[in-house]
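One structure is given here, and the rest of the page talks about it.
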Amino acid sequence: ANLIPVGEDQEPMIEQTHEIVRAFNRTYNTDVLVSPKAVFSENTRLSGLDGKAKMSKSLGNAIFLKDDVKTLEKKVKKIYTDPGHLRIEDPGKVEGNTVFEYLSIFGSDQAKVEELKAHYQRGGLGDGTVKKELLEELTALLEPISTKRRAYFEDKVMLHNVLSEGTRAANAVADETLALMKEAMHINYGLSL
């Protein structure tokens, strides 16, 4: 693979791979190995549901593609908002407010998101209303994914076949690359009977 979708925290591993590729190709005067290019999404990091650090499975502050609607609803209700926004009529802050961070990224109607931000900042808009809007957006995005995922996991035979075929295809490419590497290194001692 020469395009690798990764998070920005994986960039050092991609650079290490570049060094290995360059060293191998230079040492054996070949171009067998190709340097991969890291592909980052526009939004490389999401804050965790608790508003701290990044979203992480190990920190227990993440939303997963497998989450069903009920699980998603529980998680959205717990999302960090503005701690100074105690009453609906109080003006709230959108900076550092995880709900608005997510709406800015996942909102399908950004004009509506901007209206919600303005309303929240001037007061008169409760956290529950904003979280409900986020839940609708996330449900629309994630429910088809989690439904398809469940269907795949329920059909174990199909899943096994897809994994087996993918493994065979990957092994064929890896075997070809390994043979080219051995040839470049002059250690291709294949036995023919």
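Note that this is a predicted model, so its numbers are computed, not measured.
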**OP:** Evaluate the side-chain proximity of Asn2 to Lys37: yes if any heavy-atom separation is below 4.5 Å, no if none is.
**Re:** no
Original post:
Closest approach of Ser56 and Asn61, non-hydrogen atoms and distance?
Top reply: N-OD1, 2.7 Å
**OP:** Indicate yes or no: does Lys112 engage Glu115 in a salt bridge with an N to O separation below 4.0 Å.
**Re:** no
Original post:
Where the side chain of Ser164 meets the backbone of His160, is there a donor-acceptor pair that is under 3.5 Å apart?
Top reply: yes
Original post:
How far apart are the C-alpha atoms of Glu73 and Lys70, what are their side-chain angles, what is the distance that settles it, and do they pass the salt bridge (charged side-chain N to carboxylate O under 4.0 Å, His left out) test?
Top reply: CA-CA 5 Å; Glu73 185 176 6; Lys70 191 167 275 208; over 6 Å; no
Original post:
Does a side chain donor of either Asn25 or Asp31 reach within less than 3.5 Å of an acceptor in the other side chain?
Top reply: no
Original post:
When you measure from the side chain of Tyr102 to the backbone N and O of Ser47, does any donor-acceptor pair fall under 3.5 Å?
Top reply: yes
**OP:** Measure the CD1-CD distance between Ile20 and Glu15 for me, rounded to the nearest 0.5 Å.
**Re:** 10.5 Å
**OP:** Show the numbers, then the answer: is there a side-chain contact (heavy atoms from CB on, under 4.5 Å) between Val34 and Val21?
**Re:** CA-CA 7 Å; Val34 178; Val21 166; 5.8 Å; no
Subject >> Flag for Tyr28-His186: side-chain donor and acceptor within less than 3.5 Å >> reply: no
Original post:
After noting the C-alpha distance and the side-chain angles of Leu125 and Ile88, does the key distance pass the side-chain contact (heavy atoms from CB on, under 4.5 Å) rule?
Top reply: CA-CA 5 Å; Leu125 183 61; Ile88 291 175; 5.7 Å; no
**OP:** Please tell me if the side chains of Leu72 and Thr139 come closer than 4.5 Å, counting only heavy atoms from C-beta onward.
**Re:** yes
**OP:** Locate the shortest heavy-atom distance separating Ala38 from Val6; write the atom from each residue and the value.
**Re:** CB-CG2, 3.9 Å
**OP:** Could you go through the side-chain contact (heavy atoms from CB on, under 4.5 Å) check for Ile4 and Ile14 one step at a time?
**Re:** CA-CA 9 Å; Ile4 313 292; Ile14 298 295; 4.1 Å; yes
Original post:
Do Ile79 and Lys75 come within less than 4.5 Å of each other through their side chains, counting heavy atoms only?
Top reply: no
**OP:** Working to the nearest 0.5 Å, report the span between CD of Gln110 and OG of Ser104.
**Re:** 6.0 Å
Original post:
From Lys78 NZ over to Thr98 OG1, what is the distance, rounded to the nearest 0.5 angstrom?
Top reply: 14.5 Å
Subject >> Gap between atom CG of Leu49 and atom NZ of Lys77 - 0.5 Å precision >> reply: 14.5 Å
Original post:
From Leu159 CG over to Glu154 CD, what is the distance, rounded to the nearest 0.5 angstrom?
Top reply: 11.5 Å
Original post:
So, Glu137 side chain and Leu103 main chain: donor-acceptor pair closer than 3.5 Å or not?
Top reply: no
Original post:
Near Asn29 CG, under 6.0 Å, is it more than 12 heavy atoms from other residues, nucleotides or ligands?
Top reply: no
**OP:** With the side chain counted from C-beta on, respond yes when Leu142 and Leu65 share a heavy-atom pair under 4.5 Å apart, and no when they do not.
**Re:** yes
Original post:
Looking at CG of Asp50 and CE of Met55, how far apart are the two atoms once the value is rounded to the nearest 0.5 Å?
Top reply: 9.5 Å
Original post:
Is Lys132 close to Leu135 at the side-chain level, that is, under 4.5 Å between some pair of heavy atoms?
Top reply: no
**OP:** Would you mind checking if Lys93 and Glu95 are paired as a salt bridge, meaning a charged N to carboxylate O distance below 4.0 Å?
**Re:** no
Original post:
Would you say the side chain of Leu46 lies within less than 4.5 Å of the side chain of Ile105, judging by non-hydrogen atoms?
Top reply: yes
**OP:** Looking only at non-hydrogen atoms, find the nearest pair between His18 and Pro36 and report the distance.
**Re:** CE1-O, 2.6 Å
Original post:
Within a radius of less than 6.0 Å around CD of Glu183, do more than 12 heavy atoms belonging to other residues, nucleotides or ligands occur?
Top reply: no
Original post:
Within the distance-only criterion (no hydrogens, no angle test), does the side chain of His85 pair as donor or acceptor with the backbone N or O of Pro91 below 3.5 angstrom?
Top reply: no
**OP:** Using the side-chain contact (heavy atoms from CB on, under 4.5 Å) rule, take Val162 and Tyr152 through it: C-alpha gap first, then chi angles, then the decisive distance, then the call.
**Re:** CA-CA 10 Å; Val162 168; Tyr152 286 147; over 6 Å; no
Subject >> Flag, side chain of Asp90 to backbone of Arg87, donor-acceptor distance under 3.5 Å >> reply: yes
Original post:
Less than 4.5 Å apart, any side-chain heavy atom of Asn97 and any of Tyr80?
Top reply: no
Subject >> Working for side-chain hydrogen bond (donor to acceptor under 3.5 Å, both in side chains), residues Thr71 and Lys66 >> reply: CA-CA 9 Å; Thr71 304; Lys66 69 178 184 173; over 6 Å; no
Original post:
Are Met181 and Ile187 joined in one hydrophobic group, where the rule is that I, L, V, M, F, W and Y side chains link up if heavy atoms are under 4.5 Å apart?
Top reply: yes
Original post:
So, do Asp9 and Lys54 sit near enough that their side-chain heavy atoms are less than 4.5 Å apart?
Top reply: yes
**OP:** Please check if atom CZ in Phe40 has more than 12 non-hydrogen atoms from other residues, nucleotides or ligands closer than 6.0 Å.
**Re:** yes
Original post:
Is Asp68 salt-bridged to Arg150, cutoff N-O under 4.0 Å?
Top reply: no
**OP:** Check the pair Asp127, Thr81 against side-chain hydrogen bond (donor to acceptor under 3.5 Å, both in side chains), reporting the backbone distance first and the verdict last.
**Re:** CA-CA 7 Å; Asp127 291 329; Thr81 57; 3.2 Å; yes
Original post:
Are Glu165 and Arg168 ion-paired here, with the side-chain N under 4.0 Å from a carboxylate O?
Top reply: yes
Subject >> Nearest non-hydrogen partners of Val32 and Ala184, listed with the distance >> reply: CG2-CB, 4.3 Å
Subject >> Non-hydrogen atoms of Phe106 and Leu141 that approach each other most closely >> reply: CD2-CD2, 3.6 Å
Original post:
Can you name the nearest heavy-atom pair linking Asp82 to Gly84, along with the distance?
Top reply: OD1-N, 2.9 Å
**OP:** Measure from the side-chain N and O atoms of Ser146 to the backbone N and O of Glu143, and report whether any donor-acceptor pair falls under 3.5 Å.
**Re:** yes
**OP:** Examine Leu178 and Met185 and state if one hydrophobic cluster contains both, with Ile, Leu, Val, Met, Phe, Trp and Tyr joined whenever side-chain heavy atoms are less than 4.5 Å apart.
**Re:** no
